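Input: a single structure, listed below in structure tokens.
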There are 2 protein chains.
Amino acid sequence: MSKKISESAVRRLSLYLRTLEELDRAGHEAVSSEQLAARSATTAAQVRKDLSVFGSFGKRGFGYTVEELGRALRGILGLTQPWRVALIGAGRIGSALFEYTGFARRGFQIVAVFDSDPAKIGRKWGDSIIHDVAKLERVVSDKDIQIAILAVPVEAVQGVMDQASRAGVRGVLNFAPVRLKVPEGVTVKDVNLVIDLESLTFALSQGF
Amino acid sequence: MSKKISESAVRRLSLYLRTLEELDRAGHEAVSSEQLAARSATTAAQVRKDLSVFGSFGKRGFGYTVEELGRALRGILGLTQPWRVALIGAGRIGSALFEYTGFARRGFQIVAVFDSDPAKIGRKWGDSIIHDVAKLERVVSDKDIQIAILAVPVEAVQGVMDQASRAGVRGVLNFAPVRLKVPEGVTVKDVNLVIDLESLTFALSQGF
DNA sequence: CACAGCTTGTGAAAACCTTCACAATACTAG
DNA sequence: CTAGTATTGTGAAGGTTTTCACAAGCTGTG
Ligand SMILES: NC(=O)c1ccc[n+]([C@@H]2O[C@H](COP(=O)([O-])OP(=O)(O)OC[C@H]3O[C@@H](n4cnc5c(N)ncnc54)[C@H](O)[C@@H]3O)[C@@H](O)[C@H]2O)c1
Ligand SMILES: NC(=O)c1ccc[n+]([C@@H]2O[C@H](COP(=O)([O-])OP(=O)(O)OC[C@H]3O[C@@H](n4cnc5c(N)ncnc54)[C@H](O)[C@@H]3O)[C@@H](O)[C@H]2O)c1
């Protein structure tokens, strides 16, 4: 099933899933594209078009079953089984991410933490021990880790990325403000808060 | 000047600025759209089109002056003077953000920190004191704060948002995974790492 | 069972964004 | 000053995404 679908459409699917989970918690059993759209800040037509790429999940005259559509979206987004994640860089942002419970709730399990600082290596974080980044390849393949979160300084990140892809990591969430070079078959998503702030100030400046 | 320009075009401008700063540090004085594109992961035509919306910054046969184009981009993005930012929520992600030096380097100054936890209020963080969030409106107008970073739990965030907009905040970077309701004239950018991870797992699942 | 009332799924149209291609123009060398 | 080379700025073309609008089909009622 190699459908062409845009990055923003995928992000909307993820948003629909969050909305469906809220609806489920609130006890709703069914939802129309109209309602789903209103709660996800889009339009009913957009919702239906986004879903139609992957199949037909609703019933005419009735809408979608919250639970069923949720299951379908989890399938589409690849969330049917948990993902095993390595956190590389046990610094400020790394520790915030490690303690964040929102990842595990969605099936992202941080199963190993790495750093290069001798003062940090060997320390315990919860049930985990901070590993020496030199052991990245061993641990990644032992624990069958598929995703890495890179929270290391910008000078170190390309080197760490190279190690991670050699170790077999296929997906990366990168916090360092630099474009990574990666081999074929490795996917990178960048988180860049400065860019977010600048798109904010652009909008603010346009106002005057 | 009400030009229509897409969110992704603005994000590219921000990226070009980062690239120009790297080029400047490396001692380059001039750059062509081709070079700028290669280092910013886009195409030369895209670079020129993006810039052309705002004016004509290059010289034919020569390219762009790194410093001049940088200044132009800073103007476009609204970065000609520093922005005064409030950080609301002195928790895990809040403290990582507070200590991050990358914001100040781009002219985003965190000039006040707020929390609601009596155990945190009054504590010193660097040169700042953590204020009671109840004093938000006073401090925001006293210090002429324009932007707020919201790093509070999801249950609290809409209330904090309401206070912030009443206090006169015009732009918000929101870390809580919920769509905020805001009055006209207030701009919100959401940071949602779960969505980033899910767009990653979508890409990974498509591979098989 | 027939009918009224909704809501989906989807082609077609519209809007939006990116790429192409080239005339205009600047700089350099001779 | 001219010729040659490089690179911009921009209409037009091509491609993608969103919106529109409606036939098809489900549900519930009488
Ligand atoms: N702190 C923030 O709020 C923030 C915001 C946006 C972006 N970032 C980016 O995130 C990254 C991390 O930022 P931070 O503030 O957490 O920095 P930090 O200095 O607090 O933490 C970085 C950690 O990485 C470790 N490290 C260094 N080299 C390493 C290597 N080769 N292998 C493994 N570990 C290594 C360090 O020992 C340290 O523990 C940086 O690239 C930064 O630009 C941070
Ligand atoms: N930690 C992460 O890595 C991470 C990642 C993604 C998203 N988030 C989101 O960021 C937000 C903060 O997460 P965190 O992990 O830092 O949580 P946290 O519990 O560590 O910190 C939240 C802080 O907000 C304060 N607070 C609560 N109510 C408040 C109010 N009304 N006014 C002011 N302060 C208030 C708390 O006292 C606490 O200090 C959450 O919405 C979370 O979903 C966090």
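FYI, side chains are in, hydrogens and waters are out, and symmetry mates aren't considered; it's all heavy atoms of this structure. Note that the structure is predicted; figures quoted are calculated from it, not measured. Chain letters run A, B, ... following the sequence lines, proteins first, then strands; residues in each count from 1.
- Spacing between atom CG of B:D50 and atom P of D:dT8 amounts to 13 Å, rounded to whole angstrom units.
- A:V154 and A:P177 get closest at one heavy-atom pair: CG2-O, 4.1 Å.
- Between B:W125 and B:F98, the ring-plane angle classifies as tilted under the 30° and 60° cut-offs.
- Using the six-membered ring where Trp is involved, B:F54 and A:F202 have ring planes that are perpendicular, over 60° apart on the 30 and 60° scheme.
- Remark: P of D:dG15 and CD of A:E7 are 22 Å apart, rounded to the nearest angstrom.
- If you measure from atom CG of A:L36 to atom P of C:dC6, you get 20 Å, rounded to the nearest angstrom.
- Taking 4.0 Å as the cut-off between side-chain N and carboxylate O, A:R12 and A:E7 do not count as a salt-bridged pair.
- Taking 3.5 Å as the limit, the base of D:dG11 and the side chain of B:K49 contain a donor-acceptor pair of atoms between them.
- Residue A:A45 has its side chain nearest to D:dC20 when only D:dC20, D:dT10, C:dC27 are considered.
- Of the residues near DNA chain D, A:R12 and B:G58, the one whose nearest nucleotide (by heavy atom distance) lies more toward the 5' end is B:G58.
- Closest to the A:S6 side chain, of the nucleotides C:dC27, D:dT8, D:dT17, is D:dT17.
- For C:dG9, neither phosphate oxygen OP1 nor OP2 lies less than 4.0 angstrom from any side-chain nitrogen or oxygen of A:R48.
- At a cut-off of 3.5 angstrom, counting only N and O atoms as typed in the model, there is no donor on one side facing an acceptor on the other between the side-chain of B:R60 and the base of C:dT25.
- Between A:Q46 and D:dT17, a side-chain N or O to OP1/OP2 separation shorter than 4.0 Å is absent.
- Remark: A:K59 is in phosphate contact with D:dT27, judged by side-chain N or O atoms under 4.0 Å from OP1 or OP2.
- One finds a side-chain N or O of A:T43 lying less than 4.0 angstrom from the OP1 or OP2 phosphate oxygen of D:dT19.
- Side-chain N/O atoms of B:Y64 include one lying less than 4.0 angstrom from OP1 or OP2 on D:dG9.
- A:F54 places its CZ atom 18 Å from the P atom of C:dT8, with the value rounded to the nearest Å.
- OP1 or OP2 of D:dG9 lies within a sub-4.0 Å distance of a side-chain N or O belonging to B:S56.
- Not one N or O on the side chain of A:T65 forms a donor-acceptor pair closer than 3.5 Å with the backbone of A:E68.
- For B:L51 and D:dG9, the CG to P distance is 7 Å, given to the nearest whole Å.
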